[in-house]
Each structure stands twice: as structure tokens, then as C-alpha cells.
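Since the structure comes first, as C-alpha cells, the remarks are kept for the end.
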Amino acid sequence: QVQLVESGGGLVQPGGSLRLSCAASGSIFIINDMGWYRQAPGKQRDMVAVITSGGSTNYADSVKGRFTISRDNAKNTVYLQMNTLKPEDTAVYYCKAEIKPRIGRPLNNYWGQGTQVTVSS
């Protein structure tokens with residue numbers, strides 16, 4: 001069984017910073033892409049940032065220059081450093097990982113439970 005556990009959300013004032021973490025655990029053979037997605041009330045879930053196993057990154061236009069995604073492959077963990085936060089960044093943030101649990105099994109997408117980020121004065 002694979003689990004993704006997120007941490008680091010909370011309430012922050014506009015212009016502030018937060019760092020999200022997501023650790024994968026359980027039966028893991030290979031982890032490919034890891035990423036962060038967010039969903040605001042009444043809206044669809046959108047990609048925020050993705051990082052490949054080799055370290056290549058891709059960001060949504062709305063967060064470029066403010067957010068940085070990174071990963072520690074030894075710890076099976078992905079991070080999202082969020083700076084200069086804006087009220088429109090308020091959402092539930094989810095991490096996702098493409099994981100092959102063991103040899104012979106296919107790659108599957110696994111999601112974390114989500115962590116709330118609220119940007120408000």
C-alpha cells in the first residue's frame with residue numbers, strides 16, 4: 001500500500017510564505033513525476049508545479065517566479081516553497097506521485113489527502 005502524507009499548510013497574510021511537504025511511503029519501487037495541484041471552492045483541480053525524477057520542472061503561469069518545487073529522492077519527498085502569496089492562491093493543495101509499487105506492476109497515480117492554504121489579512 002502506498003501513502004502520500006502532506007504537511008505545511010495554514011493561514012498566512014498576503015506577501016507571506018509557506019512550505020509544503022509531501023512524503024510517500026509504503027510499497028515503492030520507482031517514483032517518476034511528483035507534483036502539486038490545487039483546488040479552490042467551486043473550481044476544478046489545477047496543476048501548480050511538477051518535477052520529474054531527473055529534476056526537470058514545470059509551473060503554472062500564475063505561480064512562476066513565486067513558487068519553487070523540489071524533491072529529495074532519498075526521502076521520497078516533494079516540497080513546494082511558496083513565496084509572495086496572494087489571496088487567489090487560497091485552495092486545498094494536493095500532492096500527486098506516479099509510483100510503480102513493485103517490479104511487474106504498472107505505474108499508478110497516487111494522491112495525498114490535501115492540505116488547506118489560506119491567504120488572508
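Each of Tyr94 and Ile69 belongs to its own hydrophobic cluster when Ile, Leu, Val, Met, Phe, Trp and Tyr are linked at side-chain heavy-atom distances under 4.5 angstrom. Hydrophobic clustering of Ile, Leu, Val, Met, Phe, Trp and Tyr side chains at less than 4.5 Å, counting indirect connections, keeps Ile103 apart from Ile28. One hydrophobic cluster, built from ILVMFWY side chains closer than 4.5 Å, holds both Ile31 and Trp36. When the side chains of ILVMFWY residues are joined at heavy-atom separations under 4.5 Å, either directly or via intervening members, Leu80 and Leu18 end up in a single hydrophobic cluster. Under the 4.5 Å side-chain contact rule for hydrophobic residues, Leu20 and Val5 do not share a cluster.
The disulfide bond (SG atoms under 2.5 Å apart) pairs that include a residue from residues 43-78 number zero, where partners must be two or more places apart or lie in different chains. Evaluation of the side-chain hydrogen bond (donor to acceptor under 3.5 Å, both in side chains) test over residues 8-19, restricted to residues two or more places apart or in two chains, returns Ser17-Asn83.
At most 12 non-hydrogen atoms from other residues, nucleotides or ligands lie less than 6.0 angstrom from CD of Gln1.
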request  = Dump the intermediate steps for side-chain contact (heavy atoms from CB on, under 4.5 Å) on Leu4 and Val78, then the final yes or no.
outcome  = CA-CA 10 Å; Leu4 299 182; Val78 63; over 6 Å; no
task = Show your reasoning for whether ring pair (Phe, Tyr, Trp, His ring centres under 6.0 Å) applies to Trp111 and Tyr37.
result = CA-CA 10 Å; Trp111 290 88; Tyr37 295 72; 5.1 Å; yes
request  = Output, in order, the C-alpha distance, side-chain angles, deciding distance and verdict of side-chain contact (heavy atoms from CB on, under 4.5 Å) for Val119 and Glu88.
outcome  = CA-CA 8 Å; Val119 185; Glu88 50 264 42; over 6 Å; no
inquiry  = Please evaluate residues Gln3 and Tyr110 with respect to the criterion side-chain contact (heavy atoms from CB on, under 4.5 Å), reporting the C-alpha separation (whole Å), side-chain torsions for both, the decisive distance (0.1 Å), and the verdict.
reply    = CA-CA 8 Å; Gln3 276 191 315; Tyr110 294 87; over 6 Å; no
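In terms of heavy atoms, Arg105 sits closest to Lys100 at O-NZ, 2.8 Å. For the residue pair Cys95 and Glu6, the shortest heavy atom distance occurs at N-OE2, 2.6 Å. Considering all non-hydrogen atoms of both residues, Gln116 and Val92 come closest at OE1-CG2, 3.2 Å. In terms of heavy atoms, Lys64 sits closest to Asp61 at NZ-OD1, 3.1 Å.
Rounded to the nearest 0.5 angstrom, Cys22 SG and Met34 CE are separated by 5.5 Å. The CG atom of Asn73 sits 7.0 Å away from atom OG of Ser53, with the distance rounded to the nearest 0.5 Å. For the atom pair CE (Met82) and OG1 (Thr68), the distance works out to 11.0 Å, reported to the nearest 0.5 Å. Atom CD1 in Ile51 sits 8.0 Å away from atom OG in Ser56 (nearest 0.5 Å). Between Ser121 atom OG and Leu11 atom CG the span is 9.5 Å, to the nearest 0.5 Å.
Residues that satisfy the side chain to side chain donor-acceptor pair (under 3.5 Å) test with Asn108, not counting sequence neighbours, are absent from this structure. Partners of Arg66 under the side chain to side chain contact (heavy atoms under 4.5 Å, CB included) rule, at least two apart in sequence or in another chain, are Val63, Thr84, Lys86, Asp89. Legend: residues meeting salt bridge (charged side-chain N to carboxylate O under 4.0 Å, His left out) with Lys43, ordered by chain and number and at least two apart, are absent. Evaluation of the side chain to side chain donor-acceptor pair (under 3.5 Å) rule for Ser27 yields Arg102 as partners, not counting sequence neighbours.
Geometric assessment of Arg71 against the ring of Tyr79 yields a negative cation-pi assignment under the 6.0 Å and 45° thresholds.
Side-chain contact between Tyr59 and Val48: absent, with no pair of heavy atoms (C-beta onward) separated by less than 4.5 Å. Side-chain contact between Leu85 and Phe67 is present, with at least one heavy-atom pair separated by less than 4.5 Å. For the pair Pro14/Pro87, a side-chain contact is recorded, criterion being any heavy-atom separation below 4.5 Å from C-beta on.
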